[in-house]
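Within every chain, numbering begins at 1; the chains are lettered A, B, ... in the order of the sequence lines, protein sequences first and strands thereafter.
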Amino acid sequence: MNGVTPSEETYTGNEISHFILDEIRKDLGPGGPMEGRKVHTRFPPEPNGFLHIGHAKAIVIDFGTAEILGGLCNLRMDDTNPVKEDERFVRAIKEDIHWLGYDWEDRFYHASDFFEDMYLYAEELIGKDLAFVCEQTPAEVREYRGSLTSPGKESPWRTRPREESLDLFRRMRAGEFPDGRYTLRAKIDMASGNMNMRDPVIYRIQHETHHQTGDAWCIYPMYDFAHPIEDAMEGVTHSLCSLEFEDHRPLFDWVVSNLSLPSRPRQIEFARLDINYTVMSKRKLKALVDEKLVDGWDDPRLPTLSGLRRRGYTPRAIRDFCERNGVSKVNSMVDIRFLEHCLREDLNDRAPRAMAVLDPVRLTITNYPEDREEAFTVENLPGQPDHGTHDITFSRHLLIEREDFMEDPPAKYHRLYPGNHVRLRGAYIIRCTGCVKDEEGRITEVLAEYDPETRGGSAREGQKVRGTIHWLDEKTALPATVRLFDHLFTVEAPDSDERDYHELLNPDSITVIEDAFVEPWLKEDPSYIGYQFMRLGYFIHDSQETTEDRLVFNRSVKLKDSYKPE
RNA sequence: UGGGGUGUAGCCAAGCGGUAAGGCACGGGACUUUGACUCCCGCAUUCGCAGGUUCAAAUCCUGCCAUCCCAGCCA
């Protein structure tokens, strides 16, 4: 079913090109600063939540770059803040990346693997008089930092002798002080226009148990200090990250050039992926989960990778989507319909076809004997016999979609209405003769006559049948639950809407149909990429709800539909 | 009154001094045992705006405008 199956995807080697690849090629090429080296990247998530499709873009860029240029890409948990991180997220992250089809081989790291190195590098900085132990309170630090438009003031501790700083720093590590008592700060420039350069804190005291290092440490490095060191220790040549780190680059470079690191990584930034009608911030996704507004991190309406997987998205579709969106530095919002297009494109070629009826009404073939029944063999993938066949049964009483019959249809309606010929896909061509209604006028049964000459659904010589509809044999149809989804939010950009996101939730984001029917074949032959229910869309067994005696399907995406009632 | 980015169609996005790729969406048509798929056709005289340089500018220069990010002991 749609659990995590090892990805069968193999990179096909499209000639992808974008500015990051160009820059890297220059760096590694003749005359470049890293001439002769092989590219080495890393994907560095913080294990404090589940991965979403925005991360998929970063993964495709990080791992994809290594793949394209014949280098390596590491996976690294950026776990420098013990209060926010958890081992449970580490497992989910690894699972999602593997599912996407990428592998880090034996290069799985934690930032915490380098805590000892970082500590030593911090001492190096103190020794060079480039860092000092500060005892300002958070409020004082804020006050002294100045504002965006005015310079900051130097901390009174800035001139503390290096020997004293070193002693204090060692005692910080030894656990002699409570949280917040001291910090280690880089000595850069309190008047810099770049706030990140105003003597940033690089170590803080936190008496917290870390999910990897336990209680070995009570001081933890800050991102800006830790990240370049992690990259250098792993031999990363290019540290690719998103745009909001652009003004951290001077600090990244400062760290890299003031320390005796084993290598000098280069940071390059790209724009994050954003998609309309959904949210991409970890904070909001977490809130949706915590407030039970959705059914967990893998709710099929969520843009999380686990949600998309449960929804029926394929790794191939997601990677294709990320690659085709390109890489640039423009903040952009991609239309969700493009993602849907990529899924349809993938599934169209390989998802077996089946029939299902979501809103059933009985269709009686009045000239087909009550006691007769027959079977038709249909191809799983029309036109591609190597994908196999399966049988469908036919009898006097069938089930069709209620909307496929109209007593008084508008022009260009090609389905059932009195007098019209329609093909029952794979079976026969029938002529509608009328319908039966109950006292309230509701249609309870559609009536038609079949043409025995059209067995298999082929028309008579010269006969043109405009409409083909799907159907099920009432006798063999299997009851099933089908869940249909719509956008989780009613507005295109919920993240930047001034209203509270609770007000923007789409009350109809999920529709559960308990009385749908499907072909019995679907119980015997669960396709892990799901099915196309003809004329309805692509569906997949729900990995959580499907049980031995109850089939539950999620609609991954609708089919395109150019029918416009006039 | 600071620093760093970015502006090419409804949405992404190529383009890097020689006269606006491609995809999505949209509209029209053909085909069709899925109103799907596939296939045709259409869709920016113009690149945020205004000047300038040049035989020639989306590409170079100047100015302006718009928009995003930054004042965590988060990442």
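The separation of rC55(B) from rA66(B), taken at their C1' atoms, amounts to 34 Å, rounded to a whole angstrom. Comparing rA20(B) with rC47(B), their C1' atoms sit 8 Å apart, to the nearest whole Å. rA14(B) and rC49(B) have their C1' atoms separated by 24 Å, given to the nearest Å. Atom name P, nucleotides rC40(B) and rU45(B): the rounded distance is 25 Å, in whole Å. Comparing rG63(B) with rG42(B), their P atoms are spaced 43 Å from each other, to the whole Å. Spacing between rC60(B) and rG7(B) at atom P, rounded to whole Å, works out to 12 Å. rA25(B) and rG10(B): their C1' atoms are spaced 7 Å apart (whole Å). As rounded to the nearest Å, rU38(B) and rA21(B) have C1' atoms that lie 23 Å from one another.
Across all strands shown, nothing is found opposite rU54(B) as a Watson-Crick or G-U wobble partner with both distances under 3.5 Å. Across the strands present, rG2(B) finds its partner in rC70(B); the criterion is a Watson-Crick or G-U wobble pair with both atom distances under 3.5 angstrom. rC49(B) is paired with rG63(B) under the criterion used here, namely a Watson-Crick or G-U wobble arrangement in which both key atom distances are under 3.5 Å. Using N1 to N3 plus N6-O4 or O6-N4 for Watson-Crick, or N1-O2 and O6-N3 for G-U wobble, each under 3.5 Å, rC39(B) pairs with rG29(B).
Between the base of rG35(B) and the side chain of Asp561(A) there is no donor-acceptor pair shorter than 3.5 Å.
Side chains of His470(A) and Arg535(A): a donor on one and an acceptor on the other come within 3.5 Å. Arg460(A) and Thr454(A) share no side-chain donor-acceptor pair at under 3.5 Å. A side-chain donor from one of Gln532(A) and Tyr538(A) sits under 3.5 Å from a side-chain acceptor of the other. With 3.5 Å as the limit, one finds no donor-acceptor pair spanning the side chains of Asp86(A) and His211(A).
For Arg535(A), whose side chain is taken as the heavy atoms from C-beta onward, the closest listed nucleotide among rG35(B), rC73(B), rC12(B) is rG35(B). Of the candidates rA75(B), rA36(B), rG2(B), rA36(B) carries the atom nearest the Ser562(A) side chain, counting heavy atoms from C-beta on. Among the nucleotides rA36(B), rA13(B), rG72(B), the one closest to any side-chain atom of Val330(A) is rA13(B). Comparing rA75(B), rC37(B), rU34(B) by their nearest atom to the side chain of Lys560(A) picks out rC37(B). Distance from the side chain of Gln206(A) is smallest for rC74(B) among the nucleotides rC74(B), rG72(B), rG23(B). For Thr80(A), the side-chain atoms get nearest to rA75(B) when compared with the rest of rA75(B), rC73(B), rG35(B).
The shortest side-chain heavy-atom distance between Asp497(A) and Glu492(A) does not fall under the 4.5 Å cut-off. In this structure, the side chains of Phe533(A) and Arg353(A) stay at 4.5 Å or more apart for every pair of heavy atoms.
The stacking criteria are not both satisfied for His227(A) over the base of rA75(B), which would need a centre-to-centre distance under 5.5 angstrom and an angle between ring planes under 30 degrees.
rG27(B) takes the anti form, because its glycosidic angle lies more than 90° either side of 0.
Using a 4.0 Å heavy-atom criterion, one finds that Ser192(A) contacts no nucleic acid atom at all.
Rounded to an integer number of Å, the gap from CG of Asp274(A) to P of rC69(B) is 11 Å. When the P atom of rU33(B) is taken as reference, atom OH of Tyr450(A) falls 22 Å away, rounded to whole Å.
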